[in-house]
Chemist: 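The structure under discussion is supplied below as structure tokens; questions concerning it will follow.
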Amino acid sequence: MSTVSVVICAYDEGRWDQLVAAVGSVETQQQGADEIVVVVDHNPTLLRRARKELAGARVVPNRACQGLAGARNSGIAAAGGDILVFLDDDAVAESQWLGRLLEPYAERSVAGVGGRIVPAWQRERPRWWPEEFDWVVGCTYRGMPENRAMVRNLIGCNMSFRREVFERVGAFTEGIGRVGTRPVGCEETELCIRLTQGWPGTSIVYEPAALVHHHVPAHRASWSYFRRRCFAEGQSKARVTTSVGAVDALSSERQYVLRTLGGGVARGIGAAAHGDAAGLGQAASIAAGVALAAAGYADGTLARRRGRAA
């Protein structure tokens, strides 16, 4: 039997109630974890409070570089499980989440498993916001499989890996992902691609039955955040390309743009033609999101080239 550690990274005391709810949702799983490790990212005040009040978790500081990748790497070092599960501090897992997430590991070739992430909007979902872009708020988006399937990469809010993954291909690459509120990411994407490149014969599985609810604060349900996050995603993809190569780094994105987003635009225009004005807004948002991500990718690529030249 494999042992299981759940790692939750936190950095902001303003999200304390959400952190408590995240830990509580793990403690009440039908199939429990062997340990819960909370990693506090360079916040001494939050570290002291968490150690005092989170009795059901082992609380450790991030001893690596500040940021989500460094915090996750500190969690890997501190945890003792054979399976390492990562849950965001602003996400709440349903009671069968962990059991569902672990089921695919019955196949020895499965190296990583992720689950479905449903947005829990603090306010109503904006009518112009297309489901194809729910990844902007760290959630499962339209176009992902509806049943258990192999995927290229997982989404960081709800993912897990065998410990052996980190022993074979290394930990999360620091300097790619999120630091504080800066809306960049892709450190889990880079790891997953590096995993399949470096450990042939293994697979990464998406299991939608492993469900969590991800809090979306009001300020993220805005056009300004949507715009910044899409641009930052392009910048992040440029960094991933430098690490793992353009072919693997952009393989899923090409299919996503051609099939999922093309269909989303057509669906939005069709809805507008039948009297739903929000459909036109969603179609326009998809087109704008693609353009912003492309601009961010160009900016990130140019910045990397300038850095190498210097």
Chemist: Can you see which heavy atom on Ser2 is nearest to which on Ile83, and at what distance?
Modeler: CB-CG1, 4.0 Å
Chemist: With a 4.5 Å cut-off on side-chain heavy atoms, are Leu154 and Phe161 touching?
Modeler: yes
Chemist: Quick check for you: to the nearest 0.5 Å, what is the distance between Ser95 atom OG and Gln31 atom CD?
Modeler: 12.0 Å
Chemist: Which pair of non-hydrogen atoms, one from Gly81 and one from Glu35, has the smallest distance, and what is that distance?
Modeler: N-OE2, 3.8 Å
Chemist: State whether the side chain of Asn158 and the backbone N or O of Gly114 hold a donor-acceptor pair below 3.5 Å, judged by distance alone.
Modeler: no
Chemist: Mind checking whether Glu103 and Arg148 have side chains closer than 4.5 Å, heavy atoms only?
Modeler: yes
Chemist: For the hydrophobic clusters of this structure (ILVMFWY residues joined by side-chain heavy atoms under 4.5 Å, transitively), does one cluster hold both Val118 and Val85?
Modeler: no
Chemist: For Asp89 and Ile8, which heavy atoms make the closest approach, and how far apart are they?
Modeler: CA-CG2, 3.7 Å
Chemist: For a quick test of reading the model, state the closest non-hydrogen atom pair linking Pro145 to Val151 and the distance between them.
Modeler: CG-CG1, 4.2 Å
Chemist: With sequence neighbours excluded, what pairs up with Phe86 under the ring-ring contact (aromatic ring centres under 6.0 Å, His included) test?
Modeler: Phe172
Chemist: Quick one: pull up CG in Asn73 and CG in Leu191 and give me the separation to the nearest 0.5 Å.
Modeler: 9.0 Å
Chemist: Are the charged groups of Glu131 and Arg125 less than 4.0 angstrom apart, N to O?
Modeler: no
Chemist: To the nearest 0.5 Å, what is the distance between OG (Ser203) and CD (Glu107)?
Modeler: 8.0 Å
Chemist: Verify, without hydrogens or angle tests, whether Gln122 (side chain) and Ala218 (backbone) share a donor-acceptor contact under 3.5 angstrom.
Modeler: yes
Chemist: For the residue pair Arg127 and Asp276, establish whether any side-chain heavy-atom pair is separated by less than 4.5 Å.
Modeler: yes
Chemist: Consider side-chain hydrogen bond (donor to acceptor under 3.5 Å, both in side chains). Of His213, Gln18, His214, which one does Asp90 pass it with?
Modeler: His214
Chemist: With no hydrogens and no angle check, is any side-chain donor or acceptor of Gln29 less than 3.5 Å from a backbone partner on Leu98?
Modeler: yes
Chemist: Could you go through residues 45-56 and list every donor-acceptor pair under 3.5 Å that involves a side-chain atom there, pairing it with any protein atom two or more places apart or in another chain?
Modeler:
residue, atom, partner, partner atom, Å
Arg49, NE, Glu53, OE2, 3.2
Arg49, NH1, Glu13, OE2, 3.2
Arg51, NE, Val59, O, 3.3

Chemist: Got a salt bridge between Glu190 and Arg194, using NZ or NE/NH1/NH2 to carboxylate O under 4.0 Å?
Modeler: yes
Chemist: With the threshold set at 4.0 Å, does a side-chain nitrogen-carboxylate oxygen contact exist between Arg100 and Glu94?
Modeler: no
Chemist: Decide whether Gln235 and Asp299 meet the rule of one side-chain donor and one side-chain acceptor closer than 3.5 Å.
Modeler: yes
Chemist: Can you list, pair by pair, the side-chain donor-acceptor contacts under 3.5 Å of residues 284-293, counting residues two or more places apart and other chains?
Modeler:
residue, atom, partner, partner atom, Å
Ser285, OG, Trp128, O, 3.2
Ser285, OG, Gly281, O, 2.8

Chemist: Decide yes or no for Ile155 and Cys139: does some side-chain heavy atom of the first lie under 4.5 Å from some side-chain heavy atom of the second?
Modeler: no
Chemist: State, yes or no, whether a side-chain contact exists between Thr140 and Pro208 at a heavy-atom distance under 4.5 Å.
Modeler: no
Chemist: Does any donor atom in the side chain of Ser160 or Tyr105 lie under 3.5 Å from an acceptor atom in the other side chain?
Modeler: yes
Chemist: Is any side-chain heavy atom of Ile193 less than 4.5 Å from a side-chain heavy atom of Arg152?
Modeler: yes
Chemist: Are Trp129 and Leu280 connected into the same hydrophobic cluster when the rule is that any two of I, L, V, M, F, W, Y join if their side-chain heavy atoms are below 4.5 Å apart?
Modeler: no
Chemist: Do the side chains of Val26 and Val60 join up, straight or via other hydrophobic residues, at under 4.5 Å, putting them in one cluster?
Modeler: yes
Chemist: Test side-chain contact (heavy atoms from CB on, under 4.5 Å) on Arg108 and Arg162 and set out the steps.
Modeler: CA-CA 10 Å; Arg108 185 66 187 90; Arg162 295 187 190 272; 3.2 Å; yes
Chemist: Count I, L, V, M, F, W, Y as connected when their side-chain heavy atoms are under 4.5 Å apart, and connections chain through other members. Are Leu211 and Trp135 then in the same cluster?
Modeler: no
Chemist: Of the non-hydrogen atoms in Ala21 and Val92, which two are nearest, and what is the gap between them?
Modeler: CB-CG2, 3.9 Å
Chemist: Within the side chain of Asp34, is there an N or O that forms a donor-acceptor pair under 3.5 Å with the backbone of Val4?
Modeler: yes
Chemist: Hey, does Tyr206 have a side-chain heavy atom less than 4.5 Å from the side chain of Arg116?
Modeler: yes
Chemist: If Ile, Leu, Val, Met, Phe, Trp and Tyr residues are connected whenever their side-chain heavy atoms lie under 4.5 Å apart, and connections chain through other members, are Tyr256 and Phe231 in the same group?
Modeler: no
Chemist: Whether the side chain of Ser5 engages the backbone of Leu84 through a donor-acceptor N/O pair (distance < 3.5 Å, no angle test) should be reported.
Modeler: no
Chemist: Under 3.5 Å, side chain of Arg72 to main-chain N/O of Val7, donor-acceptor pair present?
Modeler: no
Chemist: Applying side-chain contact (heavy atoms from CB on, under 4.5 Å) to Ser236 and Thr189, what does each step give before you reach the verdict?
Modeler: CA-CA 10 Å; Ser236 301; Thr189 299; over 6 Å; no
Chemist: Please answer whether the main-chain N or O of Arg63 pairs with a side-chain N or O of Ser74 as donor and acceptor at a distance below 3.5 Å.
Modeler: yes
Chemist: Please determine, by modelled atom types, if Arg239 and Thr173 share a side-chain donor-acceptor pair under 3.5 angstrom.
Modeler: no
Chemist: Measure the shortest side-chain to side-chain distance between Phe133 and Gln282 over non-hydrogen atoms and say whether it is less than 4.5 angstrom.
Modeler: no
Chemist: Nearest 0.5 Å, what's the CG-SG distance between Leu19 and Cys9?
Modeler: 10.5 Å
Chemist: Provide the closest heavy-atom pair for Gly70 versus Ala64 in the form atom of the first, atom of the second, distance.
Modeler: O-CB, 3.6 Å
Chemist: About how many Å separate CG of Asn153 and CD of Glu188, when rounded to the nearest 0.5 Å?
Modeler: 7.5 Å
Chemist: Can you tell me if Asn62 uses its side chain to pair, donor with acceptor, with the backbone of Cys65 under 3.5 Å?
Modeler: yes
